Structures are given as structure tokens and as C-alpha cells.
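What follows is a set of notes on a single structure, which appears directly below.
Remember, it's a predicted structure, so these values are computed and weren't measured experimentally.
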Amino acid sequence: MDIPSKYNPALTEDKWYQYWLDNGFFRSEPDNRKSYTIVIPPPNVTGVLHMGHMLNNTIQDILIRRARMQGKNALWLPGTDHASIATEARVVAMLREEGIEKSQINREEFLKYAWEWKKKHGGMILEQLKKLGASCDWERTKFTMDDDMSESVIRVFIDLYNKGYIYRGVRMINWDPKAKTAVSNEEVIFKEVQSKLYYVRYKIDEKDEWLTIATTRPETILGDTAVCVHPEDKRYKHLIGQKIIIPLVNRPVPIIADEYVDREFGTGVLKITPAHDENDYEIGLKHDLEVINIFNEDGTLNENAQIFTGEDRFVARDLVTEKLREDGHIDKIKKDYVNKVGYSERTEAVIEPRLSRQWFLRMKELANPALESVMNDTVKIHPAKFKNMYRHWMENVRDWCISRQLWWGHRIPDYYLPESDEFVVADTPEAALDLARRKTGNPSLDIEDLKQDEDVLDTWFSSWLWPISVFDGIRDPQNKDFTYYYPTNDLVTAPDILFFWVARMIIAGYEYNNEKPFHNVYITGMVRDKFGRKMSKSLGNSPEPLDLIRKYGADGVRVGMLLCSPAGNDLLFDENLTEQGRNFGNKIWNAFRLVKNWKVDPELDQPKASAIAVEWFNARLNQSIRILDDQYSKYRLSEALMNLYKLFWDEFSSWYLEIIKPSYKQSIDSKTFEATTGFFEKLLKILHPFIPFITEEIWQLIRDRKDGESIMVSDMPTGGDYDKKMIERFEKTKETVSSIRTIRKEKNIPDKSPLSLNVKEKEEVYDNRFGEVLKKLCYLSEINFIAKKMEGAVSFIVKTTEFYIPLGEKVNVEEEIRKLENELEYTRGFLRTVMQKLDNEQFINNAPEKVIQIELTKKADAEEKIKVLEERIAGLKKSFIRKMRGLMIRIFKKPYLFIVFLVNKIWVKLKYIFNENCP
RNA sequence: GGGCGAUUAGCUCAGCUGGUUCAGAGCACCUGCCUUACAAGCAGGGGGUCAUCGGUUCGAAUCCGGUAUCGCCCA
């Protein structure tokens, strides 16, 4: 079989994905098995795959594939979110390109365009997820505006309204003047910007006294209805209760006092514009101030402003400033002033606080069970550090503004009575009419008389039902799917939506099913670039995921992303991580090439080295699987992958395969071959959730498979009992091998020149189980057990065992002595630290017996080692002197001058050896 | 301004109940090798006062407080 030395993902990934689809492996229907469910955090229907999705969905796929292989009935339910603001913005932009303004068309026409757009471009992201290997049940794909999903949303609205949780109120809301809609707090992004601080002079009424007020928004002066100072501020105390004249519009307003004022800020005087600032609004309510709204919906000035009517707010700012300057009202302008300004997440317009009539959901009471369930770990958040943040938010939860002035979304089901502010709430116009007739007592009311609210609901008002409504659990809570799959198992999401999505899903779960929506929440990090910057289009630092997949394979990208993303920590993405992932795939591929190309000879006996290696690796594999299970249970997926990475690369490839590998062109015995193939299969299986494609490819090639078989539906290996001693023993063997390799390198001895190894220990004490392994890996001609130390040999020590390798002339005695002395010094230092503890009475009295025992063992080991080292050094020195004596005798036979030269040289050496550490 | 979290090797991170020479991993780096599975590789190596100051303790990277820096959330 001719297998290329480089694995090529492009040749396999699409093939196996199609195979999985064709065989329906992603499908799930309720049955007798235990269910394991994940609902996807629905991406925006307009969305395209970015690195955050890649990470998030890789994690979900790992969890679901593992569960499936463990024999659970695993369902990963995909879908998309209608994302009202984002999608509407997209459609508006598209129409504009075609020369159509939203204002020119009516709601029905707009929605027709929007649906067409959705049909054509929506859900592209789901196709992209397939390239990643996502094993979603695509036949169950949901969309938040599907008919059944929409009906659930409306039902919930009506229900909450009837329960008294939903109310209509005037509130200061975040207004997006570009999209002309209210946006939630979560959709406002505060950025630090360079702005100016204007110092404006106001004249006190009927006095020749002026007050200077600092503001960043001079245009709002037109809406001022008071000026406020701190009640304790000596500078202004005398003015409280007097009137002051608003510049430009010459409106007299009161000077009031409130402790809210920060005396240190600006001049310590605050202008109050209740209509356009949240804090000012609160003060206005408290002091019963007039509210003057000077802005239109699009952020231009209205007639209440009296001047500059129709101008945009930013144009008006300049015009007002200019006029103030002309009239002598500008004291100064501080230019390098930094303040925080809110921007709309969707349209990037500067948010305008605005008083508006909106729908609200009362949260406090609803939030209680959701808070409790997280605090008592009924819903577990991984990592747990997010619990504190969650609590803080839930304890300070504010009412939720759920209405949006948009068309794309779920239209709010309230109907206004003719020429009235009165309304009824109902799921159909007919039902509304019925209610309206009863409410008014007027049976002649017609459907046309009622006017449905123009607004739609916040997108999150449908998302919060997602885990329930995808199984139709709102409309039909007893249905088979819902009772089987709900509550779901894991939710995987980013920390930025913990509050406005995760928390609300938990709330909805308790309100509508008296049950949590999921058992575990896995919080992933945010994907950033390698400099720690957020990935964004404008920075151009976000790689195109599909390009990465093309370049490194989906498996490579999955590994690359995961290797460096512990839960809840941001991931600093660097393309060389995916390179590492690809290299890992190649390593597996080449191990497969090696094994696949072996000729099996059934006549051959199993070599001793192979037999023990099989035993060892079996133990090591079981140990790793146990660790792996533990890592999964704690959602430490990065660690789990690293565990497998090292297991495959170091233990399996570098140690196990090197031990059992027959020499060139030699066959392998069938026992070892069978065991190795079995190990390989197990390794592939435990690796499969992380790297589904290459594991399937190799699994299909490593043995004959029938059509319809797949690793993805095979049994996940479980970790059996293992011989811990065997693993420890082999660790010592590894150390021995490393030492011998180091000696070869230092002495420049070729790998293929045989060495003899002498162990200063009794054979029965040493435990020579891995002797044959040592011989093979280190190219040893023999292993002898000796009672006395050896001369003319290099030595090394593993734990407390001495080893000697005779090298004759190659042994540099001076260097040997120096090395041993270094080690001796180190060991003496170690013994000192141990003795410090053991000599400490407090330690002996307080430390647990186990810890003391450990220290005593350390002491004994160290003392033993020191003894060994000292003897060895003394021996070397003795042999050195003998050698020198022989040399001297020869030297004396030589001419006089030469003798002087040599004696001098020897003198220097002797001085070196005896001036330190002389016993 | 309020809250939460972090600071360990050049980089990204483990270190879970304070106790093994506990200071670790991967990558990067350095040296030597194109050695018949793999140069996308093999073998070997160097590198950290655990941010800082103090406290608790027989014992602190680990627990507690102060300081500094950074990040996130909320206002």
C-alpha cells in the first residue's frame, strides 16, 4: 500500500461528512436510551462564520460526539436567530442600493423584501458549520421566526401580560436615531472619545451675576429646565431658589439643590435636561421639573428647541456654540476632554437618551428562581468564577425594555381601541376584537377599528425561549420531544451574553416549565488576535475561517483553537496554532503509515521487549482514559486534548512504537501487531471528538469495514484498571534511556555502536522487566549486574541506582569528577532542606504523619545517594592518582627538560583535584 | 464611580484540599542529525525571586490584607 507521507485533509473531509449525512448519524429521535442534548446558540441569520463561532461550535461538537459514542441518544439542534436590528439594517441597506427608502414602502412590502432576503442569504452560516464537521441534526433546524416559534413568543407575551409582568411605561431609553428604535442596554457600546467640555455662562435672573456651567452637550441647553448645585456648596448656597436665564431661548428656570451634584466636576454647577439625560430625568422627577423634548426621532431638533429646528444634533452643537460665543456666553472650551459615549452596536450611531413609551417586563420576581438555581449549582456554570458576576447582575436586575421600533420581528400583539390610548392584548385580531367589544361594551366595533401596535419585540424575547420552543414546549409541554430532550445538558456560549441570554433562558425555563433549561453552562473565552485585540472587520485581524480550513483542514483548525482555550479565558488566536494542529494530524497519519506497512509473520515469536511494551502501553492508555474522563467531567477540554496529544505523540509514537518497531524489512509477529492495531483503534476513538475527519479516515483503513460502519457511532473506550507500578517502572527506564543517549551525544558515540551497560545492583533487586527494551532503544550489547563500582567507565544515577558504561580511553576522569561533585553538592543542599524540616520540632509535632514519612524517605534516599557519590568520587580520584604514578615513572626515563614540563603540568592537575572536597 | 477577575519561562496557560526537588506543559528558542513512519520530523539543551509589600502557618505560587498594572461587566 502506497500512502503519501503528508496527510491531505482536503481529500477526506468532505467525503466523510457526506458519508455521515448519508447514514443519518446526526439524526436523533426519542427512544429508550438516555438523551444528551445541546441546542446551538442560534447565530444571526445574517451572520457569517467567524472565529468565535469556530471555537464555540468545535466545543459543542466535541461534547456531542463523545456523548454519542458513549451510547447516549445525542441531539445537537441547530438553528438561527432572526436578529431584528441586524437583519433589518441589512435589508434597509439593500433596498437603499436599489433606490428604495424604507419610508417609502409599507410594513407588508418591507417584510416581503426581508423574507426574500432571508431565503436567499440567510443561514449561510449553517452551511459553513458543516465544513467544520459539526454533527448537528440538520433536519431539526429551527429559525426564531418559524410559525410555531413565533406563536410561542406571542403566547408568552400574552401570558406574561395577563400575569401582570408586562407593562407599558414612559422611560428613558437608549434611542438609536439611525435605526429609529430603542435599543437595550446590552446593545449600547460605550467608547472613550476625545470631546470638548464647554464652559457656558448663565445669567441669574434680575441680577448682574453669572454662573458658569460645564457641559459636553451644549445643544441640549435648549431643553434645560433647571440648574442644580450641591446643597452644601458654599460658592452657590445663596443662589438656591432663585431663577436663572437659559441662554439663547431666554427661559427663566429655577436653581435647585441636590446631593447628586459632584462639586469637583467642572464648576460644580449642573444644568438639568430631563428629556435627554437619564440622571437629569431622575432629578427632574424628584424636583418636579418640566420636561422639554427637543429632538425628533432621527436626532434632529424639533420646534421645542425654538431655534435651529430641523438641524441634526451634531450640526446644532456647532451652531449653538457659535451663537453662544457671539452672545458672550462662552467662558472657555476645554479641548482635550475624554468622556464615554454610547454607540449602537448595530448601526454605530451615537445613542441618544430619550423618553419614550415602551413595553417593559418586570424582572425582579421572575429572576429569583433563576438566581437561586445558579447559586446552589442546580445549573452549573463552568468556570465557576462567573457565578459571582451572575449573582451581582441578578440581584440588581432591572426591568427589561422589550419593544423595538422595527418591522422585522415578532409584532407586539396589542390592539389600540379607536382614538384611544386603551388597548387589548390578544393573539389574533379576532380575539382582540372580542376583547375590545367586551371592554368597550360596544358590539358594533369592527376589526378595522382596531390598530395593532407597530412595534416588534426585542430579539432576545424569542431567544430566551429557545431551549423550550425548539421542542414546541410552550404550545405543547407534554409532547414527546420536549419531555425527552428537555432539560438539555450543556449550553456553550461566550461570556458577553451570560446576562441577556443565558440568565433569561433560565428565567424562562423556570417560568414555563418549572425546570432549568440546561444542566451545565460552559463559558468559552473570546477569540482575540495574538496581540490581545478583539477580532474585527475594521482591524482586518480576523482570519477567514474557511480559508483556514482549506489550508490546515478542519481537524487542524479545531486542534489549534482548542489547544489554547481553557474555559473562560480569552483565546489569543495565532495561525501557528492551527499549524500545530495540522502537524498533529500528520503525526497520526505517519504512525498509521508505519503500522499499516508492516508485514505480519504468524510464525514469529513475540519479542520480549514487545511483550512488556504491550503490557506497559495498555496500562498507560487506561490511565490516560481515566484522566481524560475526569477532565471532561470538569469541562477542561484544552487539558483533555493536551493529554491526548502527549499520549499519542510521546507515549505511543516516541516510546511504544519505537520499542516494538521491527528492524528494516523485517516482519512483525502477529501478537504485537494485533495489540498495536487495537491500541491504535482505541486512540482514534478517544481522539475522534476532537479530530473527527482524520480519525474516521484511518479507522476505515486500519481494518476492513463494512459499508455503514463509522467510528463516530463506535463505542467510546473506557478506562480499566491499570498497573501503576508498571508505569512507574517504565518512567525509570525512560530516564535511563535518556541518560545513555546523553552520554552518546557528549562522547560522540554513534547510535549504532553497541555499548555495554553495568548496573551496580543485585539482579533480583533491580527489576529488569524492561531490560530488553533498554537493549533495543539504546543499542546495548549486554546488561550486567555488578557488585562493585567500575573503573574506566562513565557513570550515571537514576533515583538510587548506579549505572556504568565502560568507555576505556574515552573517559575523561577530570570531567567525571567535576560532574559528580556538582551532583553531590546539589544532593547535599537538598538534604539540608529536608533536615531543616525534620529538625524542626514544630514540624514534627504539627505535620501529618504522611508528610513526615515522605520527608524521612527523602532523607534516606539523599543520604544513600551522597554515600554513593562520595565513594564514586573517591574511587575516581584513586584511579587517577594510580594513572599519574604510572605516568611519572615513564616520564623519569625521559630527558631532563621534558620532565620539568610534565611535572609542572601534573602539579596543576593535582592541585585542582585536591584543593576541594578532599575527604 | 460600583462590581468581578487576573498577574507563574520569550508567548499561551496548568498548578484543584497549603506539604515529594514544586516551580510544570505546549509553543518558541539553542545544539546536533535529511538515522528507511513522519524535517509538518528525531535526539539533546538552556530559560522563571510565581507582580509587589506585609500577615497567618511548622510549612505559602497556593490562604488573608495593602499597593501597582491589566482585563471584563455595570453605571
Heavy atoms only, 4.0 Å cut-off, all strands: where does [X] land among base, sugar-phosphate and nothing?
{"X": "A:Asn840", "result": "sugar-phosphate"}
{"X": "A:Asn586", "result": "base"}
{"X": "A:Arg744", "result": "nothing"}
{"X": "A:Tyr645", "result": "sugar-phosphate"}
{"X": "A:Arg582", "result": "base"}
{"X": "A:Ser653", "result": "base"}

Quick note, A:Arg636 side chain, CB onward, closest among B:G15, B:C58, B:A37 is B:G15
Would you kindly check whether a donor in the side chain of A:Lys665 faces an acceptor in the base of B:U36, or vice versa, at under 3.5 angstrom?
->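 Absent.
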hbond_proxy A:Gln580 side chain to B:A28 base (donor-acceptor, 3.5 Å cutoff) =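 Checked by distance alone, the answer is no.
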Is the distance from OP1 or OP2 of [N] to the nearest side-chain N or O of [X] less than 4.0 Å?
{"X": "A:Trp649", "N": "B:C42", "result": "yes"}
{"X": "A:Lys587", "N": "B:C42", "result": "yes"}
{"X": "A:Asn583", "N": "B:G41", "result": "yes"}

By ring-ring contact (aromatic ring centres under 6.0 Å, His included), A:Phe648 pairs with (sequence neighbours left out) A:Phe652, A:Phe680
